[in-house]
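For clarity, every value in this text was computed on a predicted model and none was experimentally measured.
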Amino acid sequence: MPHREQDVKSKPKSIGAGSGAANSKVGTTSRKTGTTNAKAGMASRAAEPASSPAAGLGEAVEAMAQIGLPVPALLKLQSDYIAESTSMWNQLLSLPGADTPAPARPADRRFAGQDWLANPAAAYLAQMYLLNARTLLQMADNVDGDEKTKARVRFAVQQWVDAASPSNYLALNPEAQRKAIETQGESIALGVRHLLDDIARGHMSQTDESVFEVGRNVATTEGAVVFENELFQLLEYKPLTAKVYATPLLLVPPCINKFYILDLQPENSLIRYAVLQGHRVFVLSWRNADDSIAQYGWDRYIEDAAIRAIGLVQQISGSEQIDTLGFCIGGTILATALAVLAARGERPAASMTLLTTFLDFSDTGVLDLFVDEPMVRMRELTLGAESPGGGSLLKGQELASTFSFLRPNDLVWNYVVGNYLKGETPPPFDLLYWNSDSTNLPGPMYCWYLRNTYLENSLVEAGKLKVCGVPLDLGAIDVPTYLYASRDDHIVPWKGAYKSTRVLAGKLRFMLGASGHIAGVINPPAKNKRSHWVGAGDSLPDDPQQWLAHATEHPGSWWTDWAHWLKGHAGKQIPAPKRFGDAHHKPIEPAPGRYVKAKA
């Protein structure tokens with residue numbers, strides 16, 4: 001019978017935060033006092049418990065009230081703004097002639113089209129918007145305050161600036177207006193239809209989702225599900241070579257996304273690539289969490305998923321040791337599982353590969369702006385084990401929206417304009433289809449991760465945490481490790497990923513690839529795209545910038561370097577198995593399985 005289980009993170013004087021915005025009336029605040037910082041009393045919050053969200057919110061409001069803008073910076077911004085806006089106005093009023101320079105084409109692609117340039121009112125509106133945007137962002141850059149507060153102010157201003165772009169509104173976008181006239185209003189009707197469809201779907205379409213289907217034209221590498229429980233299905237893939245390496249390879253993908261980012265199409269599938277290199281490949285496919293597992297915590301994900309999958313691959317393959325790979329939070333889960341096993345005296349990994357993974361969370365980039373004690377505490381009291389129901393789901397769409405608004409012009413407003421204002425159907429793109437296929441997480445698991453990684457960075461401190469009943473020490477993972485980071489990654493900044501070199505004990509190889517969090521990882525050799533940097537020998541200095549200064553850039557994919565490295569830890573070659581699983585773990589269903597098809 002198929003095997004199933006039923007357990008089925010001196011100062012200059014200042015102008016206060018309430019000062020005027022970027023317009024011709026900037027600077028009305030009194031220059032005699034030099035500051036108008038508001039001071040709010042704390043008496044009403046003194047009685048709040050220290051751990052309550054209300055107390056934390058009060059402290060955050062108090063901190064924001066103390067934000068100020070230095071007077072010299074404000075005066076310079078005011079002067080520059082008036083000069084630039086006056087020049088724009090004079091250019092608009094000047095009669096066209098031989099001495100009148102043609103307006104420059106804006107570098108911002110939102111306003112680079114001919115419709116914007118040919119319409120003087122639209123061109124002036126775009127120029128004034130860009131001037132206001134620059135001024136507001138410069139104001140944000142010059143505020144007083146600690147670095148995190150300043151970064152939060154800039155992020156909030158950037159969100160408002162991007163949302164306020166005239167290109168986002170039909171009444172102000174000449175391109176959308178022209179299309180509406182040319183199509184006799186059909187583009188508007190189509191835009192409304194797209195909007196209603198997206199409301200029903202629960203998210204904004206970034207690609208033509210009707211083109212793709214999991215198992216039909218994405219996630220198509222041949223394989224079978226050989227085990228499942230409440231948290232995951234274990235997939236084994238069919239060998240494509242007559243012989244395979246004796247040491248199998250287990251891939252642990254992120255649980256906040258579907259695993260098929262590693263198996264989009266045959267030509268860009270890392271899973272298929274590993275199979276073609278002669279590895280016997282297994283993949284952990286996470287279940288899209290529902291109410292039945294809404295109260296599960298981090299320990300369950302480590303013990304009943306990662307550790308269980310490692311043991312299953314050992315049993316099915318008959319190999320005492322296995323090669324392992326973790327991607328993003330999947331890498332954090334994998335490393336935690338191996339550290340737990342090390343504390344128990346077990347060493348199942350012959351090697352470990354970590355792709356764009358944090359172990360040390362001291363440099364998390366823009367995501368750090370969202371995390372502080374009040375935010376985490378609020379999550380714990382609403383989603384975590386302390387919530388009224390003992391835990392509830394973090395909805396996948398919430399996470400997806402958060403990541404999209406890290407790049408709002410590319411991943412939000414671009415589609416507002418195209419889908420809704422112009423009535424266009426976005427082109428099919430497998431990566432964006434995967435990006436929209438979100439997953440839920442159990443609240444307690446998410447809250448544990450949020451507090452102990454992003455907030456307190458406890459995972460990296462040996463013995464500070466107990467996971468699955470044992471003190472955790474990532475330094476006990478003494479195995480050869482391949483660390484990959486992407487240079488333009490805004491989710492796992494490469495310098496943060498590099499910090500893993502100070503945590504792990506085994507022989508390490510660090511690789512830096514071009515591009516971002518996903519595009520840098522999914523870079524097959526056949527495409528001959530992008531580049532990667534190889535360090536000088538085995539040297540891994542404390543300063544990542546020093547490593548980069550001595551690294552050599554190579555064109556193309558990093559996959560070939562990884563394949564060569566992994567081959568050295570894969571053992572001898574043996575005849576490829578002729579069937580999936582073993583006598584105790586028989587195929588349940590074909591890959592990619594049904595867990596990956598469940599919608600959030």
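Within the 4.5 Å cutoff, no side-chain heavy atoms of N435 are placed close to those of T207. Side-chain contact between S351 and W565 is present, with heavy atoms from C-beta onward closer than 4.5 Å. T453 is not listed as a side-chain neighbour of F358, based on a closest heavy-atom distance of 4.5 Å or more.
Look at K597 and E213 and you find no salt bridge, because none of the NZ, NE, NH1 or NH2 atoms lies under 4.0 Å from a carboxylate O. Salt bridge status for K258 with D437: present, with a side-chain N to carboxylate O gap under 4.0 Å. Salt bridge annotation for R377-E386: present, with a cationic side-chain nitrogen under 4.0 angstrom from a carboxylate oxygen. The residues R451 and E373 are annotated as salt-bridged, a charged nitrogen and a carboxylate oxygen being separated by less than 4.0 angstrom.
With rounding to the nearest 0.5 Å, the separation of CZ in R280 from CG in D323 is 13.5 Å.
Between Y433 and K599, the shortest heavy-atom contact is OH-NZ, 3.7 Å.
For S269 and D263, the side-chain atoms include at least one donor-acceptor pair closer than 3.5 Å. With 3.5 Å as the limit, one finds a donor-acceptor pair spanning the side chains of D561 and Y482. If you check the side chains of T402 and E398, you find no donor sitting under 3.5 Å from an acceptor. Of the N and O atoms on the side chains of T439 and W286, not one donor lies less than 3.5 Å from an acceptor on the other residue.
In terms of modelled atom types and a separation under 3.5 Å, the side chain of Q159 and the main chain of F405 share a donor-acceptor contact.
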